[in-house]
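What follows is one structure encoded as structure tokens, with my remarks underneath.
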Amino acid sequence: MTWVARNTKITIPAVLIDVLTELHVHKFSAIGGLYLDRNGEVQVGRTIDETFCLNLGGPYATYADLVAGQVNSSIRLIKLHEKLEFMRDAILQLERFKVAVSSNPERAPELNKVKLRLPHHRGRDDADSGDEKQRVLYLFEERCEQKGVSIPQESAYSSPLQDSMQKAADFLRAITEVAPRDQRKELVAGWKANLLPFPSIKNRATDI
């Protein structure tokens, strides 16, 4: 994407919207990484986190299963990496959260109300990345509107419960991604504090 931005007049949002528009017409039965099999057919396989730090396994049948897989990978890192030792007192709660999102038939329809699309895009990670993300998101939404594509609206969380599940996963992922690299030290403690009070983390599976 950096090469595209520097060497062509094509904007990154334009590239992404064209890719998304193409993928928008296809239905996927699972969540994972796309690859070509020996016959040249597109298949859904294992999932690699967009930072390329985690092999998440899969493919996963549902959105909740993907989140549970992300949490499970983070738990493994917490157990193994010395710089994540400060998170080990939360492992039991994280295990409960994993079970809650993946083994809760009553809540499954609400948690999994999402169209299966494509993996994430890796962006910048510096002091200005937040502003850059908002700028690109605005351009992306503007181009979607111009082309009559409703992807941003369809990507919105379908319920507060689904939003809470993803926020918990996002805080956990942020911690396990930056703490081993000694980055964002001033933020990590706050992320942990925000993570643990979530009802979906703190309570049992029946109270997700």
Side-chain angles (χ1 to χ4, degrees), residues 13 16-34 42-51 54-75 93-123 133-134 136-138 140-145 147-176 191 194-208:
L16 291 179
I17 188 58
D18 289 341
V19 172
L20 282 173
T21 302
E22 174 64 26
L23 289 173
H24 191 75
V25 302
H26 299 283
K27 292 183 178 180
F28 295 96
S29 59
I31 302 173
L34 300 181
V42 175
Q43 303 293 342
V44 180
R46 298 176 67 84
T47 303
I48 302 296
D49 183 79
E50 65 264 33
T51 64
L54 294 177
N55 186 335
L56 302 178
Y60 294 100
T62 68
Y63 177 31
D65 286 340
L66 171 64
V67 171
Q70 291 172 327
V71 173
N72 194 54
S73 295
S74 295
I75 291 173
Q93 292 169 305
L94 295 174
E95 292 281 6
R96 289 174 177 171
F97 173 54
K98 180 181 69 174
V99 173
V101 300
S102 63
S103 305
N104 194 333
E106 181 181 350
R107 298 292 193 179
E110 186 175 359
L111 294 175
N112 292 314
K113 189 178 179 181
V114 62
K115 289 186 177 180
L116 306 186
R117 291 269 185 243
L118 77 167
H120 300 280
H121 166 62
R122 176 65 172 159
K133 175 181 177 181
Q134 292 304 313
V136 173
L137 179 61
Y138 172 79
F140 175 66
E141 291 177 344
E142 185 178 51
R143 181 146 178 104
C144 283
E145 185 176 351
K147 298 196 68 172
V149 178
S150 60
I151 293 172
Q153 290 75 25
E154 292 181 0
S155 300
Y157 297 114
S158 61
S159 70
L161 184 68
Q162 191 184 78
D163 188 15
S164 178
M165 174 182 73
Q166 187 59 57
K167 281 182 178 177
D170 287 345
F171 275 119
L172 178 60
R173 176 187 154 209
I175 292 169
T176 55
W191 290 343
N194 284 324
L195 169 67
L196 296 180
F198 281 170
S200 54
I201 286 283
K202 197 171 184 180
N203 301 328
R204 290 184 174 276
T206 54
D207 299 320
I208 182 173

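Hydrogens, waters and symmetry mates are skipped; everything else that's a heavy atom, side chains included, is used. These numbers were taken from a predicted model, which means no experiment stands behind them.
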Original post:
How many angstroms lie between CG in Leu94 and CD1 in Ile75, if you round to the nearest 0.5 Å?
Top reply: 5.0 Å
Subject >> Set of side chain to side chain donor-acceptor pair (under 3.5 Å) partners for Gln166, sequence neighbours left out >> reply: Tyr63, Asp170
**OP:** Using the test salt bridge (Lys or Arg N to Asp or Glu O under 4.0 Å), find all partners of Asp163 that sit at least two apart in sequence or belong to another chain.
**Re:** Lys167
Subject >> Partners meeting side chain to side chain contact (heavy atoms under 4.5 Å, CB included) with Glu110 (sequence neighbours left out) >> reply: Arg107, Ser159, Leu161
Original post:
If only atom types and distance count, is the side chain of Ser164 paired as donor or acceptor with the main-chain N or O of Pro160 below 3.5 Å?
Top reply: no
Original post:
Measuring from Leu66:CG to Tyr60:OH, what's the distance to the nearest 0.5 Å?
Top reply: 7.0 Å
Subject >> Nearest heavy-atom neighbours spanning Lys113 and Gln162 >> reply: O-NE2, 3.3 Å
Original post:
Roughly how far, to the nearest 0.5 Å, is CD1 of Ile31 from CG of Asp65?
Top reply: 8.0 Å
**OP:** Please identify each residue that fulfils side chain to side chain contact (heavy atoms under 4.5 Å, CB included) with Ala174, with sequence neighbours left out.
**Re:** Trp191
Original post:
What heavy-atom pair brings Ala169 and Gln70 nearest, and what distance separates the two atoms?
Top reply: CB-OE1, 4.1 Å
Original post:
With distance as the sole test, does Thr176 use its side chain to make a donor-acceptor pair with the main-chain N or O of Arg173 at under 3.5 Å?
Top reply: yes
